[in-house]
Amino acid sequence: MQTAKLTLGEQTVELPTLEGTEKELAIDISALRAKTGYITLDQGYANTGSCKSEITFIDGERGILRYRGYDIEDLASQATFPEVCYLLIYDKLPAPQERENWRKQLTQHSLVHESMLNFFQHFPPTAHPMDVLSAMVAALPAFYPDENDIHLDIIRLIAKTKTLVAIAYKKSIGEPIVYPKSDYSYMANFLRMMFATPAEPYVFSKTLEDALNLLLIIHADHEQNCSTSTVRMVGSSHASVYASVSAGISALSGPLHGGANQEVLEMLEAIRKEGSATKKYIAKAKDKNDGFRLMGFGHRVYKNFDPRAKLLKKSCDAVLAELKIDDPLLNIAKELEEAALQDSYFVERKLFPNVDFYSGILYRALGIPTNMFTVMFALGRMPGWIAHWKEMRDNPQERIHRPRQLYVGSPQRPFLPLGERK
């Protein structure tokens with residue numbers, strides 16, 4: 001590869017360039033400060049590669065998303081979520097016996113320590129499920145203190161997270177918890193723990209199970225986003241996978257990250273209260289002087305149609321058709337989608353419906369309440385977080401993350417005695 005030359009006055013520095021598997025290009029500035037005294041300033045790290053990774057590839061211009069080299073379309077249509085977890089973490093799809101052992105391990109470790117249930121009793125009913133989940137994940141190593149068994153920690157996190165999510169939901173609505181059963185699949189177990197009651201077992205169709213499987217797969221990883229970068233940064237101090245993932249959950253809870261699909265539903269509710277005036281809101285979104293923002297359209301990475309959104313749209317149509325749902329919010333969402341896809345303003349700017357737009361609609365159709373949307377995102381993202389934590393820990397060249405800054409505060413000032421301060 002050629003080198004990049006940086007000229008600073010009379011000094012010229014040569015920096016090596018790198019090329020990724022998919023022809024991505026980078027300039028290695030690792031030695032820049034040592035050679036010149038300069039650092040780079042890149043607010044939000046939009047142009048900074050923080051690591052080399054073998055896990056996920058995204059091409060936003062062409063609308064491509066791949067996990068470990070597999071197209072998301074192939075995984076979403078042919079794999080199960082537990083298989084995708086295995087793929088992301090161990091860099092291979094499990095062979096038949098590996099798949100069966102993996103299933104048994106996930107089932108065996110689905111239960112949570114009975115003493116942990118006491119914690120749930122002390123969260124107020126108004127506690128957001130994301131806050132509960134972050135706290136409970138951080139508490140797991142206190143109940144399972146096995147040291148130096150990373151595989152067991154990984155199994156426990158994937159297996160127990162769905163149980164913790166379901167318990168958090170049941171407690172929030174005042175219903176008794178439902179324990180997992182060993183003869184149920186991962187998806188069926190989760191749906192049963194969420195919606196079954198002692199008096200009424202939950203009956204679900206394969207369409208709903210497939211929809212949930214799809215939702216979790218498409219959220220399983222998305223490269224170096226805010227929460228994943230948080231997991232890697234915390235893990236770089238050699239914090240446990242539990243502590244690192246708990247930090248990732250907290251990062252995901254922000255409305256600019258995992259809370260976006262919740263904001264979509266809140267926007268739809270606001271439109272409904274005004275009489276379902278979708279044309280009015282389309283016009284507001286196009287008015288640069290109006291502060292209204294059409295949530296769920298466009299994406300920071302994808303400059304084409306989000307491939308995950310295409311998959312969810314198809315699933316939405318199937319679920320809504322089977323359940324014969326007549327929901328005013330879902331009807332408004334369909335009107336917005338149709339209007340935006342036919343409007344040159346949105347088409348020219350490539351403001352297509354994104355994954356948050358369709359995931360919110362699909363979660364609502366499945367009966368999952370709005371305040372649980374971000375928790376479902378976290379459940380799906382768990383294997384991606386774990387995979388990045390493991391990749392970072394397995395890399396002998398990885399160092400503790402310590403970004404630099406450009407200080408723009410006051411210069412040195414004399415300390416004034418109390419009586420001389422104004």
Side-chain angles (χ1 to χ4, degrees), residues 1-9 11-68 88 220-239 244-245 247-258 260 298-304 306 354-355 381 384-409:
M1 290 289 290
Q2 61 184 347
T3 58
K5 293 184 178 180
L6 175 65
T7 301
L8 298 166
Q11 181 184 14
T12 298
V13 181
E14 290 196 6
L15 300 169
T17 60
L18 306 170
E19 183 176 319
T21 306
E22 297 286 347
K23 308 302 180 184
E24 294 178 296
L25 302 176
I27 300 172
D28 184 351
I29 61 166
S30 302
L32 179 64
R33 182 171 176 269
K35 291 182 176 180
T36 68
Y38 281 77
I39 64 168
T40 59
L41 179 62
D42 182 19
Q43 295 186 3
Y45 310 115
N47 304 288
T48 298
S50 61
C51 63
K52 295 179 182 178
S53 180
E54 300 177 357
I55 299 170
T56 295
F57 171 71
I58 298 172
D59 186 329
E61 299 297 330
R62 294 187 290 161
I64 292 174
L65 172 62
R66 297 185 188 128
Y67 297 162
R68 299 287 192 180
L88 286 169
D221 193 51
H222 209 239
E223 202 220 52
Q224 303 306 315
N225 52 78
C226 176
S227 58
T228 299
S229 297
T230 298
V231 169
R232 292 188 78 121
M233 177 167 279
V234 173
S236 74
S237 72
H238 285 196
S244 303
V245 166
I249 294 170
S250 296
L252 186 68
S253 67
L256 295 183
H257 191 6
H299 195 278
R300 183 176 180 180
V301 172
Y302 295 106
K303 306 309 177 187
N304 201 318
D306 185 337
N354 61 31
V355 67
R381 185 55 55 87
W385 287 333
I386 294 171
H388 283 274
W389 178 89
K390 184 176 182 296
E391 180 180 64
M392 183 265 316
R393 288 293 296 268
D394 289 345
N395 182 359
Q397 296 180 334
E398 191 76 32
R399 300 164 58 189
I400 186 169
H401 290 197
R402 206 294 186 189
R404 296 285 173 175
Q405 68 169 30
L406 185 65
Y407 177 69
V408 293

- prompt: Under the 3.5 angstrom rule, does the side chain of R68 hit a backbone N or O of L88 as a donor-acceptor pair?
  reply: yes
query: Side-chain contact, heavy-atom cut-off 4.5 Å: R232 with S50?
result: no
query: Looking only at heavy atoms, which two atoms of S227 and R381 are closest? And how far apart?
result: OG-NH1, 4.2 Å
query: Judged by atom type as modelled, is there a donor-acceptor pair below 3.5 Å linking the side chain of D42 to the main-chain atoms of N47?
result: yes
- request: May I ask you to check whether S53 and E391 show a side-chain donor-acceptor distance below 3.5 Å?
  value: yes
- request: Could you tell me whether the side chain of S244 reaches within less than 4.5 Å of the side chain of W385, counting heavy atoms only?
  value: no
message: Does Q43, at its CD atom, have more than 12 non-hydrogen atoms belonging to other residues, nucleotides or ligands within less than 6.0 Å?
response: no
message: Quick check for you: to the nearest 0.5 Å, what is the distance between N395 atom CG and E54 atom CD?
response: 9.0 Å
task: In sequence, state the C-alpha distance, the side-chain angles, and the governing distance for R399 and S236, and then conclude on side chain to side chain contact (heavy atoms under 4.5 Å, CB included).
output: CA-CA 6 Å; R399 300 164 58 189; S236 74; over 6 Å; no
message: If you count heavy atoms of other groups shown closer than 6.0 angstrom to CD of E19, is the number above 12?
response: yes
query: Can you name the nearest heavy-atom pair linking G298 to N354, along with the distance?
result: O-ND2, 2.6 Å
Approximate separation, where rounding is to 0.5 Å, of Y38 OH and L8 CG: 5.0 Å
task: State, with a plain yes or no, whether a side-chain heavy atom of I55 is found less than 4.5 Å away from one of H388.
output: yes
message: Pair Q11, T36 - check side chain to side chain contact (heavy atoms under 4.5 Å, CB included), show working.
response: CA-CA 8 Å; Q11 181 184 14; T36 68; 4.1 Å; yes
message: Are W389 and D394 packed together at the side-chain level, in the sense that at least one heavy-atom pair is separated by less than 4.5 angstrom?
response: no
query: Near E22 CD, under 6.0 Å, is it more than 12 heavy atoms from other residues, nucleotides or ligands?
result: yes
Validation row: R66, T56 side chains within 4.5 angstrom (heavy atoms): no
query: Are the side chain of T230 and the backbone of G248 linked by a donor-acceptor contact shorter than 3.5 Å?
result: no
message: Could you check whether atom CG of L15 has more than 12 heavy atoms from other residues, nucleotides or ligands sitting under 6.0 Å from it?
response: yes
- request: Let me see the working for L25 and T17 under side chain to side chain contact (heavy atoms under 4.5 Å, CB included), right down to the final yes or no.
  value: CA-CA 7 Å; L25 302 176; T17 60; over 6 Å; no
statement: Heavy-atom closest pair (K35 atom, E14 atom, distance to 0.1 Å) is NZ-O, 3.5 Å
query: Do K52 and L18 have side chains that get closer than 4.5 Å, going by heavy atoms?
result: yes
- prompt: Do you know which two heavy atoms are closest between H257 and A251, and how far apart they sit?
  reply: CD2-O, 3.9 Å
- prompt: Just how far is it from atom CD1 of I29 to atom OG1 of T48, taken to the nearest 0.5 Å?
  reply: 6.0 Å
message: Does any part of the side chain of E223, heavy atoms only, come nearer than 4.5 Å to the side chain of T228, both counted from C-beta?
response: no
task: Determine, step by step, whether L65 and D306 satisfy the side chain to side chain contact (heavy atoms under 4.5 Å, CB included) criterion, reporting the C-alpha distance in whole Å, the side-chain angles of both residues, the deciding distance to 0.1 Å, and the verdict.
output: CA-CA 9 Å; L65 172 62; D306 185 337; 5.9 Å; no
query: Taking side chain as C-beta onward, heavy atoms only, is P403 less than 4.5 Å from M233?
result: yes
Test applied, side-chain contact (heavy atoms from CB on, under 4.5 Å); reference residue, I58; option that passes from N225, D221, I64, V301: V301
task: Ignoring hydrogens and angles, tell me if any N or O in the side chain of S253 forms a donor-acceptor pair with the backbone of S250 under 3.5 Å.
output: yes
